[in-house]
Number of protein chains: 2
Amino acid sequence: MVSIATTTKAEHLLESLQKAIVEGDLQPGEKLREPDLARSFGTSRGPLRDALRRLEARRLVLSTPNAGARVTSLSAQQLAELYQVREALEGTTCRLAATHMSDNDIDQLDHLLSQHEQAIKEAGGRRYFRQEGDLDFHYRIADRCGNALLRSAICVDYYPLMRMYRHKFSVHEGRPTRALSEHRRIWSALAERDGELAEILMRRHIAAARKIIEDSLLNETDHD
Amino acid sequence: MVSIATTTKAEHLLESLQKAIVEGDLQPGEKLREPDLARSFGTSRGPLRDALRRLEARRLVLSTPNAGARVTSLSAQQLAELYQVREALEGTTCRLAATHMSDNDIDQLDHLLSQHEQAIKEAGGRRYFRQEGDLDFHYRIADRCGNALLRSAICVDYYPLMRMYRHKFSVHEGRPTRALSEHRRIWSALAERDGELAEILMRRHIAAARKIIEDSLLNETDHD
DNA sequence: CGCCCCAATATTGTTGACAATTTTTCGATA
DNA sequence: TATCGAAAAATTGTCAACAATATTGGGGCG
């Protein structure tokens with residue numbers, strides 16, 4: 001939303017490429033050829049390589065020596081692993097947020113959930129609002145948890161990858177309504193400043209989503 | 001221990017610089033001037049900048065646009081935050097390891113703890129063996145937890161930073177003997193394949209170390 | 001005497017060319 | 001016809017020069 005005046009070309013490239021990957025303009029597994037990309041963004045290979053390294057740190061790109069870089073392509077197995085990392089990190093995040101968030105933060109989070117409820121009603125329950133909305137909820141909690149390292153690990157290092165894969169198993173994650181009610185329960189725990197409960201609820205919430213993905217691993221029959 | 005035949009100069013630089021930082025040859029806060037460093041390693045600035053970006057991903061280096069890179073310098077506050085991330089990640093790691101480690105892995109871990117016991121005896125209880133040893137124990141569990149993403153997050157992204165700061169609060173973390181006995185209890189849970197207990201014990205173990213650091217934050221009287 | 005501004009210096013950001021490596025193409029041979 | 005291998009093309013790794021930005025040092029002014 002906010003267009004940051006990036007000082008360096010490498011930073012600008014990082015933003016542009018991350019957006020292209022997250023929004024699917026660059027498909028998972030796609031080869032990232034340096035000369036082509038650099039030309040298409042009007043720069044040289046130096047800044048481009050810099051941006052690729054930063055994207056690699058965010059796990060959006062995988063590059064192998066002398067063989068170039070590709071957009072990350074996660075298997076269901078790997079996506080499940082990502083959810084396990086989220087469970088660990090966001091559980092703690094939630095516990096910290098319960099004591100660190102301001103009353104205003106809590107209010108804004110409540111407002112966000114109202115927006116989601118509204119969006120779900122208008123869309124008849126299976127619109128994609130929720131998917132972005134779900135991530136927004138999680139993102140905001142991490143953003144306000146008070147631990148800068150944890151915040152950057154989640155918001156910077158892992159969430160772009162999550163957004164990239166938000167379509168993949170979105171249908172299976174149960175009706176948006178269910179996710180919303182789980183969010184509301186987490187919110188209540190946060191509002192009551194009950195960190196222990198907030199952590200448990202958040203871990204369950206993410207573990208449930210992971211379960212769906214892991215179950216789909218067993219039904220490996222009709223994939224090309 | 002194993003000298004990997006790194007194919008590219010940037011990779012070699014990454015290894016060399018990481019070692020220099022972790023071992024303290026490059027001090028926290030030290031400015032990393034590209035021309036000097038490149039010359040001292042016999043390469044040009046291109047590969048060096050590449051290596052710096054990778055070190056930044058591991059949080060060993062902090063670089064600001066147009067102002068260059070510095071070796072990371074953590075405050076006690078930030079170190080405590082790191083322990084909180086560890087608590088989250090390694091708790092889950094331990095739970096997974098309990099079901100995923102092979103019997104052989106468990107045996108080797110037992111052997112490691114025997115070595116530590118021996119080292120502590122020989123050194124009269126307050127030798128620095130333990131500090132490396134402590135990290136080795138944690139590292140091995142993460143290495144064998146069966147979740148590749150979690151493994152790389154801990155072993156690659158966070159542990160070099162831990163090793164870099166292993167001297168800092170090592171004295172305060174209680175006698176090596178106590179850490180060893182906590183390790184033994186964690187090992188027992190792993191050996192009995194009790195993931196839930198292993199997670200709880202690991203989180204406590206790390207939380208206790210964090211407590212020491214946080215307490216030292218309150219005694220801020222005699223620092224320059 | 002201290003502060004601010006400006007020039008000089010040093011350092012980082014960027015570029016295009018060259019070297020090394022990988023991938024592709026194409027023909028020879030079984 | 002399929003397969004192996006070598007030449008050709010494309011791509012990545014590296015380098016040194018140039019441009020843009022920050023830092024430093026010194027002189028003038030209040």
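By convention in this document, chain letters (A, B, ...) are assigned in the order of the sequence lines, proteins followed by strands, and residues within each chain are numbered from 1.
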Could you tell me how the ring of B:His205 sits relative to the ring of B:His138: parallel (under 30°), tilted (30 to 60°) or perpendicular (over 60°)?
parallel

All pairs passing salt bridge (Lys or Arg N to Asp or Glu O under 4.0 Å) where residues 40-49 of chain B contributes a residue, at least two apart:
B:Glu34-B:Arg45, B:Glu34-B:Arg49

In whole angstroms, how far is the C1' atom of C:dG13 from the CG atom of A:Leu13?
13 Å

Give a yes/no answer on whether the side chain of A:Thr8 brings an N or O atom under 4.0 Å of OP1 or OP2 in C:dT12.
no

Using a cut-off of 6.0 Å, state whether more than 12 heavy atoms not belonging to B:Lys31 lie near its atom NZ.
yes

B:Glu56 and salt bridge (Lys or Arg N to Asp or Glu O under 4.0 Å): which single residue from B:Arg59, B:Arg58, B:Arg53 fits?
B:Arg53

At a 4.0 Å cut-off to heavy atoms of chain A, the contacted part of DNA chain D spans D:dT11 to D:dT14

Return a table of donor-acceptor pairs under 3.5 angstrom between the side chains of residues 23-30 of chain A and protein atoms on other chains or two or more places apart.
{"from": "A:Gln27", "atom 1": "NE2", "to": "A:Gly24", "atom 2": "O", "distance (Å)": "3.0"}
{"from": "A:Glu30", "atom 1": "OE1", "to": "A:Gln27", "atom 2": "N", "distance (Å)": "2.8"}

My understanding is that only residues two or more places apart in sequence, or in another chain, count here; which of them pass side chain to side chain donor-acceptor pair (under 3.5 Å) with A:Glu199?
A:Arg95, B:Arg203

Take atom CZ of A:Arg70 and atom P of C:dT22, then tell me their distance rounded to the nearest Å.
15 Å

Nearest-nucleotide comparison on DNA chain C, the residue closer to the 5′ end among B:Asp36 and A:Ala10
B:Asp36

Distance, rounded to the nearest Å, where A:Leu14 contributes CG and C:dG13 contributes P
14 Å

For residues 74-81 of chain B, tabulate all N or O donor-acceptor pairs below 3.5 Å that involve a side-chain atom, not counting sequence neighbours.
{"from": "B:Ser75", "atom 1": "OG", "to": "B:Gln78", "atom 2": "N", "distance (Å)": "3.1"}
{"from": "B:Ser75", "atom 1": "OG", "to": "B:Gln78", "atom 2": "OE1", "distance (Å)": "3.4"}
{"from": "B:Gln78", "atom 1": "OE1", "to": "B:Ser75", "atom 2": "N", "distance (Å)": "2.9"}
{"from": "B:Glu81", "atom 1": "OE1", "to": "A:Ala148", "atom 2": "N", "distance (Å)": "3.2"}
{"from": "B:Glu81", "atom 1": "OE1", "to": "A:Leu149", "atom 2": "N", "distance (Å)": "3.2"}
{"from": "B:Glu81", "atom 1": "OE2", "to": "A:Ala148", "atom 2": "N", "distance (Å)": "3.3"}

Flag for B:Arg86-B:Tyr159: side-chain donor and acceptor within less than 3.5 Å
yes

Where along residues 49-67 of chain B does a heavy atom fall under 4.0 Å from DNA chain D?
B:Asn66

Can you see if the side chain of A:Lys31 gets near the phosphate of C:dT23 - specifically, an N or O under 4.0 Å from OP1 or OP2?
no

Considering every strand and a 4.0 Å limit on heavy-atom distances, what is the contact class for A:Leu32: base, sugar-phosphate, or nothing?
sugar-phosphate

Rounded to whole Å, how long is the line connecting atom CG of B:Leu48 with atom P of C:dT12?
9 Å

Taking atom CZ of A:Arg70 as the centre, does the number of heavy atoms from other residues, nucleotides or ligands within less than 6.0 Å exceed 12?
yes

Base, sugar-phosphate or nothing for A:Gly46? Non-hydrogen atoms, less than 4.0 Å.
base

For A:Glu34 and C:dT15, give me the distance from atom CD to atom P, rounded to whole Å.
14 Å

